[in-house]
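Okay, so here's the structure we're looking at.
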Amino acid sequence: MSRDIRHVEIGVADLARSLDFYRSLLDLAEVEGPAGGAGVAWLTAGPVLLKLVETGDGDLGGWVNDDLQRGIRHIGFKVGDVDLRAERVRDAGVPFTLPPLDAVGGVRIAFFQDPDGTHLEITDNYLRYHRVASPELAERERLATLSRPRTAPPVFDHVAVTSGGLDAALAFYRDTLGYEVIGQITLDDDPRGFLITYLLAGPAVLEVFTFTSATTPSPWAAAPAVGPGRRGFRHVAVAVDDPEKEAGRLVASGARVAADGLLVDPDGVPLALTGPV
């Protein structure tokens, strides 16, 4: 049964402005998506799509750039060379929330935001996990990196979320949705007790952040999960064979059905279930 991450929906104030941003800085191409209409655009980023929805002058719905806040934190793209791609971001006058640097695990990363505050990461190289759960998946990642040219365009890589507890997150995403754990990275010098657990979610990776420090609630835990004018992250779409049956399984595992019809996981991540692609 397929339970793959298929797209991420992002609210934008100005669709034309956002299309220019994603096409010019990340080389994403506009494509025909599964559902269109006025104020909606789909962009391809490899196997996972971005859905841009024009929402007008809304806000981020309480999202703040603090990884201790539970829920969606960022989305990430693999690139051939972070510094090469960062030159384009810098030349466009887009500020970095984290300039290019070498990170724990042997990867190079940088962070910046789109015009509506959606947090984006670019990363290159492959992770040297501190704890490997699936040697096969870790080796597949390594080989893919070795075959990626320095000038390769960005490809959607991951969704990062913060959870209030690893056991609960694994019960939901590994045991219920069937995502396989690849490995873990521990940030030993982080006083918050930062652990990242990586799970394969079809063509993408789900990064689950957990901390020994206290986390704060997701701003989207209340109903409805997504206000009509909310910009930035709106939901993560998962393709399943039987959305109604899958919704029942997820609710039994701790998700709730929001007033807007979305599911919300135990940490406040809005999820949309779609039919198989």
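Of the inter-residue distances, the one linking Tyr129 atom OH with Thr186 atom OG1 reads 13.0 Å to the nearest 0.5 angstrom. Expressed to the nearest 0.5 Å, how far CD1 of Ile196 lies from NE2 of His158 amounts to 8.5 Å. Atoms OG1 and CD, on Thr215 and Gln69 in that order, are 10.0 Å from each other to the nearest 0.5 Å. Atom CG of Leu166 sits about 12.0 Å away from atom CZ of Phe211, to the nearest 0.5 Å. Thr44 contributes atom OG1, which lies 5.5 Å from atom CG of Leu49 (distance to the nearest 0.5 angstrom).
Take Thr97 and apply the side chain to side chain donor-acceptor pair (under 3.5 Å) test, not counting sequence neighbours, and it matches His119. By the side chain to side chain donor-acceptor pair (under 3.5 Å) test, Asp190 pairs with Arg192, sequence neighbours left out. Partners of Asp124 according to the side chain to side chain donor-acceptor pair (under 3.5 Å) rule, which considers only residues two or more places apart in sequence or in another chain, do not exist here.
The existence of a salt bridge linking Asp27 and Arg88 is confirmed by a sub-4.0 Å separation between a basic side-chain nitrogen and an acidic carboxylate oxygen. Salt bridge annotation for Arg90-Glu87: absent, with no cationic side-chain nitrogen under 4.0 angstrom from a carboxylate oxygen. Between Glu180 and Arg174 there is no salt bridge, since none of the side-chain N atoms of the basic residue sits less than 4.0 Å from a carboxylate O of the acidic one.
A cation-pi arrangement is present between Arg128 and Tyr126 under the rule of less than 6.0 angstrom and at most 45 degrees off the ring axis. Under the 6.0 Å distance and 45° angle rule, Arg231 does not count as a cation-pi partner of Trp63.
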Q. What's the verdict on side-chain contact (heavy atoms from CB on, under 4.5 Å) for Lys51 and Ile10, showing C-alpha distance, side-chain angles and the deciding distance?
A. CA-CA 6 Å; Lys51 180 184 180 182; Ile10 296 171; over 6 Å; no
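At a cut-off of 3.5 Å, with distance as the only test, no side-chain donor of Thr145 or Asn125 sits close to an acceptor on the other residue.
Inter-residue side-chain proximity for Val208 and Phe172 is flagged as unmet; no heavy-atom pair is nearer than 4.5 Å.
Between His7 and Trp42, the distance separating the two ring centers is shorter than 6.0 angstrom. Ring centroid separation for the pair Phe96 and Phe111 does not come in under the 6.0 Å cut-off.
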